[in-house]
Structure formats: structure tokens, C-alpha cells
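Below: one structure, written as C-alpha cells.
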Amino acid sequence: KYFATLQFIDAMCNILQPTMLSIRCLATIFGVFCAALPLCFGASDGLSRIPAKGWNSWNWIGVSGCADGCAAEGMDGRCHSEVVMRQMTDAMIAKGFNASGYEYINLSEGWPAECFRKKTCGSGRFPNGTIMHDPVRYPSGIKALSDYVHARGMKFGIYLDAGDVTCAGFPGSLGHEEQDIQMIVEWGADYLWLDGCNLDRTLYEEKYELWSRLLNASGREIVWEVSWPAYFPGDPTAPTTIDMFYKSAAVGHEFRFYTDNKPNWQHVLNIAATAHEWNMQRYHRPGGWAFMDMLEAGNAPLTEAQSRSHFALWVVMAQPLHLGNNVRNMSSTLATQFTNPAVLRLAGDPLGKMGRRVFMSDGRLNGTQVWSREMSDSSFVVALLNAGLTSTVAKDNCTWQNRSGGYLQVQPATAAGNYQCYTNADTSLETMKGECCAAGLEQCVSIAHGTGTNEESCSKRNDKGGWINATGFTNYVITRGHLGPLAPKTATICVNFTDVGLNPYENATVHDLWGERVLGRYMGQVCVPNISEYDTVLLHITQ
């Protein structure tokens with residue numbers, strides 16, 4: 001019954017948005033309505049008033065069992081195991097993340113027993129109805145893992161699916177909703193990622209609202225993520241889509257609206273651009289965050305600069321900050337920057353307003369860009385992004401030879417052997433060639449280009465793994481090209497005060513957040529020179 005009121009407030013925002021006065025007036029209007037209507041601020045249980053921070057196993061581990069030979073190494077490789085989960089918990093503490101406000105250790109898809117996927121254990125549930133944990137990878141059980149996390153002052157999260165089976169084929173919760181909520185309550189869960197694979201399209205609204213009611217009645221405070229909108233891609237301006245976004249913001253604390261994140265630079269940029277272009281700011285609020293997915297920062301083939309920019313964009317977009325990398329061996333530079341007190345204080349600003357793109361020099365996925373987020377004290381956090389990927393940087397001066405039906409594999413055949421991976425819908429083959437060529441032969445020698453139903457392509461650092469037969473791929477190899485990479489392109493990026501909502505005739509103090517220094521006082525605009533390709537300067541501007 002509250003959705004019509006929310007949409008009325010949103011319509012007033014759109015009408016009055018161009019005026020500075022409207023911002024202050026609407027803050028008052030919004031506050032009056034929200035005093036009476038808790039749904040204005042997302043879920044009505046009072047949780048998640050600032051975006052959550054923590055670590056999630058999905059982006060680094062996925063659903064792998066014991067890949068990379070980790071069984072022989074005590075199960076501490078890139079695999080699902082209680083050993084890895086405990087080590088990640090300890091690493092989050094040792095590297096200062098927990099002390100900096102990162103609270104959650106979230107166990108994602110892949111923890112149940114493999115026997116269900118092999119069809120050797122019936123329902124995949126114990127006689128008491130709880131989902132079987134894998135006895136090899138989680139021999140102590142999930143409750144013991146939760147106790148381990150809690151004993152170290154952190155919170156424990158877990159993954160379930162609203163359908164009859166999960167995305168990876170493990171037992172789902174359809175028809176077991178009350179039972180599975182009681183299960184995770186007994187395990188001491190503080191966070192729930194509720195996915196939506198294998199659920200009838202007509203049941204999403206009903207089932208996610210059911211989960212909301214049952215979680216609210218469970219007696220335990222559980223922050224949870226709604227995946228419903230991610231399964232209904234479509235016109236973001238359609239009334240049914242708008243209604244779905246509002247409802248998702250109201251039933252849970254974080255709601256996914258787009259595809260999974262990937263360690264791919266253009267894909268990261270595309271998620272941020274989509275959030276801006278779909279005007280997700282209108283639904284995003286404390287207790288109901290429009291979630292752009294977990295961080296891939298620190299995962300290859302993203303560079304350190306790309307990872308830093310990825311993190312900065314998520315801060316400006318007021319996102320939950322769920323790390324998804326191998327924290328145990330992440331770079332000290334990124335660890336220091338991701339625990340920067342000033343950055344995290346602004347990331348958790350109570351206004352919770354999603355940022356927006358206020359300038360771009362070229363396309364939505366390249367060139368120089370300026371992103372801005374308003375704070376509760378009327379100051380602004382501004383990201384000056386050199387997105388790269390421009391024709392002058394990625395010029396294809398190489399000679400290529402192509403062969404269909406497969407690709408040249410790297411050696412060793414790991415993710416780090418890829419120079420870049422791309423989603424074909426986001427990136428043209430010409431851009432892929434330009435990026436590979438510009439990197440130089442020491443970094444990139446060929447491209448495995450997906451064709452037909454294959455949606456992804458990857459450029460390779462070497463071809464020592466030999467030819468792999470694979471239908472749906474065409475391999476492009478450099479036969480003549482650069483011996484070394486082209487010099488990286490730097491950029492001077494300016495932010496005009498009027499673009500972000502500041503008074504151009506009043507002095508403003510500008511802080512460089514990464515550099516932890518005051519740049520000075522400026523009027524009208526501030527420009528920062530020599531921003532490296534793929535990097536970001538993060539500013540805090542106060543008048």
C-alpha cells in the first residue's frame with residue numbers, strides 16, 4: 001500500500017530536480033513522509049541503515065570443489081572448504097578489515113553436499129530436514145564455521161536459493177522456506193543471499209515477500225539480499241519493472257538488478273553506467289540498497305589501478321562493499337586503500353544517496369569520466385576516472401591471423417593467464433584487438449573470441465598450452481606487432497562545481513582521499529593532472 005506514495009515522491013523528485021531549492025525542499029518532504037512510512041527507507045526492520053561491508057566467497061571461489069590441487073595442500077587452495085573460510089576470516093582481521101568496519105564473512109553457493117548433484121543422496125537433506133553440508137569440504141558442519149566467525153567478532157552469512165534447486169544444482173528452498181529459515185537461525189546466520197534460480201517466473205513476487213515475512217518473524221536480525229529483479233531484465237522504464245524495483249527495495253535490504261559482476265574492466269564500467277542510466281538512484285535508500293553486486297577488485301586480470309577505480313566507483317554509488325578476492329595475499333596497497341578511514345566514513349554516510357555520472361568525454365565505457373555523490377552534510381565525494389579504452393590508446397597496429405574451431409591455450413591454464421576477458425555484448429572484436437596489440441607481445445599474444453552462443457572472449461598472455469578444439473570460438477593470433485606496450489595515456493580531468501551541485505561562486509576545500517592530503521581551496525572547478533590510465537582520483541569537496 002506504500003508503493004504509490006513512494007512513486008509520488010519519486011515523481012516530485014524528477015519534476016523539481018533541476019533546481020537547487022528543490023533538493024532542500026524534497027529532503028523535507030521526504031522526511032515527513034518517511035517518518036510515517038518506514039518503507040521509504042527500504043525494509044522496515046531497521047537493519048542495514050548504512051551499506052554492509054565484508055567478504056563473500058563467490059567471486060574468488062565460485063562453486064569449485066578442490067580445483068588447483070588444493071586437496072593435496074590441506075584444502076586451502078581456490079576451493080570451497082572450511083579451511084579457506086577460516087583463513088579468510090583470519091585474514092580479514094589480520095589485515096585490518098574487521099577493525100575498519102567490514103563485518104561479514106559470507107559463505108556463498110557451493111557449500112552443500114556434492115552427492116545431491118551426483119544424484120546419490122535423494123533430497124540432499126538430513127533426516128531432520130536440514131540441507132546436507134559437504135562432509136569432505138565442511139567436515140565440522142556449517143554451525144561450527146559460524147561459531148568460528150562469531151568467536152572472532154565477525155558476522156556470518158550464507159547462501160540459499162528460492163527455487164527448487166540452486167543455480168549450481170544444489171538443494172533449493174522452494175517448499176522448505178520456514179524449515180530453512182529455522183536452519184540458518186540455529187546456525188547463527190547474520191546475512192542471507194537469497195538467489196532466484198529455478199523458480200517459476202510467476203512466483204518471484206510471492207516467494208520473496210514470503211521470505212521477508214518469515215525472516216522478520218524469525219526472531220533473529222538477518223540482513224538479506226533479494227535477487228528477484230536480476231532475473232527479469234527488461235525495459236527499466238516499464239511500469240512493471242518500476243513496481244518490481246520499489247517492492248524489492250521494500251522486502252529486503254539489498255536488491256540485485258543486473259547481471260553478475262566479473263573481473264573484466266568493461267563489465268565493471270558497464271554495471272556502473274547501467275545503474276546511472278536506469279536511474280537506480282530513485283529506488284536506492286538506507287535499508288533498501290540497489291546492489292551492483294560484489295566487488296571483483298583484486299581479482300585477475302583486473303590491474304591494481306582498475307581494482308582501485310572499481311572500489312572508488314562502488315563507494316561513490318553508495319554500494320555494499322562485499323570483497324570477493326583472495327584477501328590472504330592481496331596487495332598491501334589495495335588493502336591500505338580499502339581500509340582508508342576517510343573513504344570508509346564517507347562510504348557509510350547516513351544519507352545513503354547513490355551517486356551519478358556528471359561528465360564523460362567519450363562513450364559510457366571509455367575516456368574520462370566524473371562521478372559524484374552527495375553527502376548528508378551537503379559535501380560531495382567525486383571520482384575523477386580515466387577509464388582508458390580509447391582509440392588513441394588501444395590502436396591496433398598489429399597483423400593478425402585467425403583460425404576457427406578453437407583457441408590457443410595459455411600455460412599454466414589459470415585465470416591469471418588471461419590478459420583481459422570481455423563480454424561480447426559490451427566489447428567489439430576491434431576493441432579487443434586494440435587492447436591486446438597495445439599491451440605488447442610480452443603481455444598479450446592472441447584472443448579466444450567467442451562466437452555464436454558464446455558470450456565471452458579472453459585475450460591470452462601466451463600460447464604455450466597448445467591448440468584447444470572448441471566449437472564456437474575463433475582464435476586471433478598476432479603474427480607481427482609491438483615488442484613492448486605503448487606508453488600509458490594520462491589525462492587531466494576537471495570537475496565543474498555546477499555539475500555536482502556546488503555553488504560555483506563560493507570557495508570549496510578539496511581533499512585527495514587516496515593521497516590523504518588537502519589539495520587546496522578552489523572556486524568554480526578543480527582539475528587534477530596526470531591521472532594514469534584506468535586509475536581514479538577520489539576527492540572530497542566541501543563548501
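We're numbering straight along the sequence, starting at 1.
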Report summary line: Tightest non-hydrogen contact, residues Ile181 and Ser218, listed as CG2-CB, 3.9 Å

**Report entry** Trp111 and its ring-ring contact (aromatic ring centres under 6.0 Å, His included) partner, picked from Trp193, Phe170, Trp58, Trp187
**Finding:** Trp187

Report summary line: Here the gap from Leu502 atom CG to Phe380 atom CZ, rounded to the nearest 0.5 Å, amounts to 5.0 Å

Query - Contact check, side chains of Phe156 and Asp147, non-hydrogen atoms, under 4.5 Å - result: no

Report task. Say whether, by atom type as modelled, one donor and one acceptor occur between the side chain of Ser376 and the main chain of Leu351 under 3.5 angstrom. Result -> no

Query raised in the report: How far apart are the C-alpha atoms of Phe116 and Thr166, what are their side-chain angles, what is the distance that settles it, and do they pass the side chain to side chain contact (heavy atoms under 4.5 Å, CB included) test?
Result: CA-CA 11 Å; Phe116 179 78; Thr166 72; over 6 Å; no

**Report entry** Within 6.0 Å of CD in Gln543, more than 12 heavy atoms from elsewhere
**Finding:** yes

Query raised in the report: Taking C-beta and beyond as the side chain, do Ile131 and Met183 meet within less than 4.5 Å on heavy atoms?
Result: yes

Query raised in the report: Do the side chain of Arg220 and the main chain of Ala217 share a donor and acceptor less than 3.5 angstrom apart?
Result: no

Query raised in the report: How far does CZ of Arg308 sit from NE2 of His310, to the nearest 0.5 angstrom?
Result: 13.5 Å

**Report entry** Short side-chain to backbone donor-acceptor contact, Gln319 and Met292, under 3.5 Å
**Finding:** yes

Query raised in the report: For the residue pair Trp228 and Tyr208, does the interplanar ring angle fall in the parallel (under 30°), tilted (30 to 60°) or perpendicular (over 60°) class?
Result: parallel

Query raised in the report: Are Asp180 and Arg125 close enough for a salt bridge, meaning some N to O gap below 4.0 Å?
Result: yes

Query raised in the report: Is there a side-chain contact between Val223 and Tyr104, using heavy atoms and a 4.5 Å cut-off?
Result: yes

Report task. To the nearest 0.5 angstrom, please state how far the OG1 atom of Thr336 sits from the NZ atom of Lys95. Result -> 9.0 Å

Query raised in the report: Is there side-chain contact between Trp289 and Met354, with at least one heavy-atom pair below 4.5 Å?
Result: no

Query - Main-chain N/O of Met280 paired to His284 side chain as donor or acceptor, under 3.5 Å - result: no

**Report entry** Heavy-atom closest pair, residues Gly96 and Thr339
**Finding:** O-CG2, 4.0 Å

Report summary line: Nearest heavy-atom contact between Cys494 and Gln525 is CB-OE1, 4.0 Å

Query raised in the report: Would a 4.5 Å heavy-atom cut-off, applied to side chains only, mark Met92 and Arg152 as touching?
Result: no

Report summary line: Heavy atoms of Leu302 and Ser307 approach each other most closely as CB-OG, 3.8 Å

Query raised in the report: Salt bridge check: are Lys247 and Glu209 linked by an N-O gap of less than 4.0 Å?
Result: no

Requested in this report: Find the distance between OG1 (Thr241) and CG (Asp235) and round it off to the nearest 0.5 Å.
Outcome: 6.0 Å

Query raised in the report: Charged N to carboxylate O below 4.0 Å: is that the case for Asp349 and Lys353?
Result: no

**Report entry** Heavy-atom donor-acceptor pair, Ser309 side chain to Gln306 backbone, under 3.5 Å
**Finding:** no

Query raised in the report: Under the side chain to side chain contact (heavy atoms under 4.5 Å, CB included) criterion, do Cys167 and Asp161 qualify, and how do the steps go?
Result: CA-CA 8 Å; Cys167 302; Asp161 191 288; 4.0 Å; yes

Query raised in the report: When you look at Leu384 and Thr536, which way does the side chain to side chain contact (heavy atoms under 4.5 Å, CB included) test go after all the steps?
Result: CA-CA 5 Å; Leu384 307 180; Thr536 296; 5.6 Å; no

Report task. Examine distances only and state if a side-chain atom of Glu186 and a backbone atom of Ile184 form a donor-acceptor pair shorter than 3.5 Å. Result -> no

Query raised in the report: Between Arg356 and Gln281, do the side chains contain an N or O donor and an N or O acceptor separated by less than 3.5 Å?
Result: no

Query raised in the report: Would a 4.5 Å heavy-atom cut-off, applied to side chains only, mark Ile541 and Val495 as touching?
Result: yes

Query raised in the report: Side chains of Asp200 and Thr202: do they bring a donor and an acceptor to under 3.5 Å?
Result: yes

Requested in this report: Determine the minimum heavy-atom distance between Ser227 and Glu225, stating which atoms define it.
Outcome: OG-OE2, 3.5 Å

Query raised in the report: Do other residues, nucleotides or ligands put more than 12 heavy atoms under 6.0 Å from Glu455 CD?
Result: no

Query - Ion pair check, Arg86 and Asp90, cut-off under 4.0 Å - result: no

Report summary line: side chain to side chain contact (heavy atoms under 4.5 Å, CB included) with Trp60: of Met88, Glu296, Met294, only one passes, and it is Met88

**Report entry** Asn503 side chain near Phe497 side chain, heavy-atom distance below 4.5 Å
**Finding:** no

Query raised in the report: Applying the ring-ring contact (aromatic ring centres under 6.0 Å, His included) test to His322, which of Trp314, Phe291, Phe338 qualifies?
Result: Phe291

Query raised in the report: In Å, rounded to the nearest 0.5 Å, how long is the span from CH2 of Trp265 to CG of Asn270?
Result: 12.5 Å

Report task. Look only at the side chain of Asn386 and the backbone of Ile531, and say whether a donor-acceptor pair between them is shorter than 3.5 Å. Result -> yes

Query raised in the report: Where do Val316 and Leu538 land on the side chain to side chain contact (heavy atoms under 4.5 Å, CB included) test, with the steps shown first?
Result: CA-CA 9 Å; Val316 172; Leu538 196 59; 4.0 Å; yes

Query raised in the report: Between Tyr204 and Arg201, is there a cation-pi geometry (under 6.0 Å to ring centre, at most 45° from the normal)?
Result: no

**Report entry** Polar side-chain atom of Asn325 near backbone of Asn299 as donor-acceptor pair, under 3.5 Å
**Finding:** no

Requested in this report: Give a yes or no answer on whether the side chain of Arg373 reaches the backbone of Val315 with a donor-acceptor pair at less than 3.5 Å.
Outcome: yes

Query raised in the report: How long is the span from the CD atom in Glu254 to the OG atom in Ser48, to the nearest 0.5 Å?
Result: 5.5 Å

Query raised in the report: Do the rings of His267 and Tyr258 sit parallel, tilted or perpendicular, given the 30° and 60° boundaries?
Result: parallel

Report summary line: For Ala342 and Leu513, the nearest pair of non-hydrogen atoms, with its separation, is CB-CD2, 4.0 Å

Query raised in the report: Between Glu516 and Asn340, does any side-chain donor sit less than 3.5 Å from a side-chain acceptor?
Result: yes

Query raised in the report: With distance as the sole test, does His276 use its side chain to make a donor-acceptor pair with the main-chain N or O of Met317 at under 3.5 Å?
Result: no

Query raised in the report: For the side chain to side chain donor-acceptor pair (under 3.5 Å) test, which of Gln369, Gln266, Glu277 pairs with Arg364?
Result: Glu277

Query - Sub-4.5 Å side-chain heavy-atom contact between His540 and Leu346 - result: yes

